[in-house]
Amino acid sequence: MSTTPEHPERSALSPATIVVSAGRPARAQGGHINPSVPMNSTYVSRGVVTPDELSYARGDNDAWHPFEEALAALEDGGTAGPADGDAAGGAQQPAEALVFSSGMAAVAAVFSLLPDGGTLVLPRHAYQAGMVLARQISERHGVTLRYVDIADTDAVVAALDGADLLLVESPTNPMLEVADLPAVLGAARAAGVRSVVDNTFATPLGQRPLEHGADVVLHSVTKYLAGHSDVVLGALVTRDADLAATLREHRTLHGAIAGPFEVWLALRGLRTLALRFERAQASAAELARRLAEHPEVAEVRHPSLPGDPGHARAKAQMNGFGAIIGVRPKARAGAADPVGRADAVVDAVRLWLPATSLGGVESMLERRRRWGTEAQTVPEDLLRLSVGIEDVEDLWSDLDQALRTP
Ligand code: PLP
């Protein structure tokens with residue numbers, strides 16, 4: 001339970017302000033403007049403990065509250081309040097956020113909602129470790145996996161019949177497919193299927209799935225929210241108090257908890273999210289435009305491109321187009337195979353970092369199929385570019401020289 005006082009105008013502030021102002025200590029003369037890093041494994045407690053009281057730091061920890069408060073306010077997007085209606089037409093509760101030790105710990109908590117023998121509808125392209133975990137759960141607990149093209153709304157709706165959980169990524173990792181969020185989340189609600197949206201790529205500044213009817217929003221906080229490639233963390237956000245209690249219990253019993261300093265770092269990173277994401281998105285759109293005209297490029301995926309299959313949908317439901325680009329270098333006549341060609345580009349960059357992960361201030365790229373667990377329908381020569389906040393001309397000249405390297 002959060003002990004951080006909620007901003008009195010939480011529902012009136014813009015996201016760019018919430019990232020700066022939420023999760024601060026209560027104002028007091030001479031008081032701290034930043035939360036401290038409380039280092040406690042336990043708290044003074046006697047007798048029967050109420051849910052609002054701190055007792056043991058695996059169950060609840062005041063080090064988590066400022067970040068959780070800020071993320072909940074962001075995913076609520078200024079629409080929280082008992083007077084508002086949700087996508088199902090019911091009264092809306094303010095969102096609650098739970099921080100986890102990693103994005104994968106958050107994925108595991110969500111998958112724990114699946115009953116043995118249940119059915120999970122999931123994108124054919126999505127973060128690969130989540131896909132591996134889904135396969136393990138399927139084998140061990142008899143869960144049926146229904147893979148869908150998440151951009152194919154009819155296919156998603158058809159797959160919901162008798163399902164227990166819908167996992168959505170949008171845009172997907174690494175193929176950047178864009179789901180029709182209002183349509184698929186509305187259909188899941190109508191069919192009584194719980195839905196979770198991995199909002200890692202878009203961030204709450206890019207889209208707010210709870211407003212479209214998602215039951216749970218998932219984040220790899222490791223990426224844009226923390227933003228500096230120095231911490232691994234995850235989070236879940238929901239407006240359903242019973243679901244929050246179930247997910248919190250999973251976190252407590254499985255011990256998937258975050259350390260106080262990591263959460264402090266994430267909040268510190270969050271303060272600049274609006275600026276970082278605005279810059280990264282603008283640079284990504286510019287780089288995608290130039291890459292689409294580059295003589296050494298065969299294919300570019302970025303929802304900002306007018307010809308991209310996800311363009312119209314992203315324009316309608318997102319604020320911006322994200323900062324991840326998919327690129328396939330053009331094969332050269334008589335030269336190495338496409339994989340070798342893509343690897344050569346990764347080897348040739350000097351400013352871009354050859355590394356996995358995304359969402360940091362530093363631009364990174366990698367060939368996704370170098371991971372054996374990546375979906376086999378992802379092209380072997382697809383490079384995933386995570387655009388950071390460096391000068392866009394420096395990023396361009398490095399990419400250009402790497403693409404032209406013999
Ligand atoms: N979801 C997406 C879309 C991701 O890209 C990742 C990691 O790359 C995860 C979840 C898992 O997060 P973490 O690495 O913080 O466990």
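All ligand and atom numbering here is 1-based and tracks the order in the structure.
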Is it true that R135 and E139 have a side-chain N and a carboxylate O under 4.0 angstrom from each other?
no
Less than 4.0 Å between a side-chain N and a carboxylate O, is that true for E380 and R370?
no
Basic-acidic side-chain contact under 4.0 Å: E75, R208:
no
L113: which residues meet the side-chain contact (heavy atoms from CB on, under 4.5 Å) condition with it, sequence neighbours left out?
R194, L243, T246, L247
Inspect the contact between R367 and D381 and indicate whether a charged nitrogen and a carboxylate oxygen are less than 4.0 angstrom apart.
no
Do NZ/NE/NH1/NH2 and the carboxylate oxygens of D60 and R248 come within less than 4.0 Å?
no
Distances only, to 0.1 Å: what are the N or O pairs between ligand 1 and the protein that fall under 3.5 Å?
| unit_1 | atom_1 | unit_2 | atom_2 | d |
| --- | --- | --- | --- | --- |
| ligand 1 | 1 (N) | D198 | OD2 | 2.6 |
| ligand 1 | 5 (O) | N173 | ND2 | 3.1 |
| ligand 1 | 8 (O) | K223 | NZ | 2.7 |
| ligand 1 | 12 (O) | S220 | OG | 3.0 |
| ligand 1 | 15 (O) | G103 | N | 2.9 |
| ligand 1 | 15 (O) | S220 | OG | 2.8 |
| ligand 1 | 15 (O) | T222 | OG1 | 2.6 |
| ligand 1 | 16 (O) | G103 | N | 3.0 |
| ligand 1 | 16 (O) | M104 | N | 2.8 |

